[in-house]
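Structure first, then comments.
Only this structure's heavy atoms are used, side chains among them; waters, hydrogens and symmetry mates stay out.
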Protein chains: 2
Amino acid sequence: MDEQKIKEQSRVGGAGSKVDPPRETRRRGEILETAILQAAWDELSDVGYTHLTIEGVAVRARTNKAVVYRRWGNKAKLVVATLQRYLPKPPRDVPDTGNLRNDMLILLRGIAQPLQTVGAETIQGLMAEYLSKDLIASIPQIMHPGTESKSTIAMKTILKQAELRGEVHLENLNPRIISLPIDLLRYEILITHEPISDRTIHEIVDDIFLPIVQV
Amino acid sequence: MDEQKIKEQSRVGGAGSKVDPPRETRRRGEILETAILQAAWDELSDVGYTHLTIEGVAVRARTNKAVVYRRWGNKAKLVVATLQRYLPKPPRDVPDTGNLRNDMLILLRGIAQPLQTVGAETIQGLMAEYLSKDLIASIPQIMHPGTESKSTIAMKTILKQAELRGEVHLENLNPRIISLPIDLLRYEILITHEPISDRTIHEIVDDIFLPIVQV
DNA sequence: GAAATAAGAAACTAATAGTACCTTATTCAC
DNA sequence: GTGAATAAGGTACTATTAGTTTCTTATTTC
């Protein structure tokens, strides 16, 4: 695979398996940037965060390291930008089925999906490289607690709806309980390295969350 | 600091700030191994997991890379061995104060302490490098769920004691609830990068765990 | 005391990060 | 349209670190 990359690099035309079709014009600005991020996204799914290199991304985007470094100073920043652009967003609208349990299940499935798409390896890689949480916090889908994420707002909305129906009493719910289900999802992703099963989501809702909030 | 290290390396005698006093005899076996692990432990607390290098450890132990590599094939394995030897163990005996809440607080403080000593950076570094959980699972203090850890056993013991006193009913407690407090501690360490406050431990016990188990 | 073992020492390859420099295509201002 | 500014292409370079290899020599073992 290394040999192939080098071949691609030195060759002017000719379509490889992982690269764009031959080009004549010189890309720049937004177009080039998109090509690089696309290449990074592909590379991420091909080789994973650990084995992703700037050089590899550059070659795949049919450009060179210097161009990438001009935009993103290191791997972590490049990957964050890539995730910001390509990671699927959780569903925009908050579930409202008239039943807290259903709403919770739907919400958590929606939150779990992007987390799984990124995968534990990438999250851990980013966390290990970027202890200054700011950067990783800029990816809404895998955001840290502390700030008010869309997910947290959705949780609160669902709970308020449930309160109106008399399903729960909110006055004694502190922030830790609100974020508990999402925290457990994140923990599950980080630790198990396996897809979050629907069974896990059910357990979080039925065995942990509902018993707490339903007084 | 780099210059200093190189000086230490080339110098035959003379005590640096971070190295053993001058030696005459050639160490080997257990003694040398201990010296290397000690050096790795010191290096870990000095420069952190990310910036720890095999070379750095070797120099600090007044030996050389090859000797280290003969024993541990890479950084992760060396650090795991170091933690196995030097990381403080949680208290051996299970609290039994006659009160579930007290027991829980004591137990969780004991579990949190070694986790904090390792620190998020090291745990994340190990997790990022060692996706084959087996290795990290071999450090009891930061062990993953799935296997029956000493902490889990302690939790169960405490709960059984509480059941005998009539404080809780155990029949409807699944494993996820048992491991919940410890999972939350681990999550907290990984995410916040800050020492676990006693307030956090109180919240885990009072706002989350007790409401679930006390029917 | 000889043979086996493992440490000490240093040199070496390979991968990657990140930088520097120069050439050339493209854009933009006039 | 022309010329200056900008940014991409391309390449070579330094520095760091991982991990290996090889040889010498101290120490243990039998």
For this session: Compare side-chain N and O positions of A:Thr63 against OP1 and OP2 of D:dA8 and report whether any pair is under 4.0 Å apart.
Result: no
For this session: Taking the side chain as every heavy atom from C-beta outward, state whether A:Ile158 and A:Pro95 have any pair of such atoms under 4.5 Å apart.
Result: yes
Problem set entry | Interatomic distance, A:Ile36 CD1 vs D:dA7 P [rounded to whole Å] | 14 Å
For this session: Step through the shown structure and confirm whether more than 12 heavy atoms of other residues, nucleotides or ligands are within 6.0 Å of NZ on A:Lys89.
Result: yes
Seminar exercise, completed: Winner on side-chain proximity to B:Leu32, out of D:dG19, C:dT16, C:dA7, is C:dA7
Seminar exercise, completed: Here the gap from A:Leu159 atom CG to A:Leu173 atom CG, rounded to the nearest 0.5 Å, amounts to 6.5 Å
Problem set entry | Inter- and intrachain pairs under salt bridge (Lys or Arg N to Asp or Glu O under 4.0 Å), touching residues 28-41 of chain B, at least two apart | B:Glu30-B:Arg85, B:Glu33-B:Arg71
Seminar exercise, completed: Rounded to whole Å, CD of A:Glu55 lies from C1' of D:dG10 at a distance of 11 Å
Exercise. What is the distance, rounded to the nearest whole Å, between atom CH2 of B:Trp72 and atom C1' of D:dA18?
Worked result: 17 Å
Exercise. Are more than 12 heavy atoms from other residues, nucleotides or ligands located less than 6.0 Å from atom NE2 of B:His202?
Worked result: yes
Exercise. Which letter, B, S or -, goes with each nucleotide of nucleotides 20-30 of chain D from 5' to 3', with contact meaning a protein heavy atom under 4.0 Å?
Worked result: BBB--BBBS--
Problem set entry | Contacts of type salt bridge (Lys or Arg N to Asp or Glu O under 4.0 Å), residue B:Arg199, not counting sequence neighbours | B:Glu203
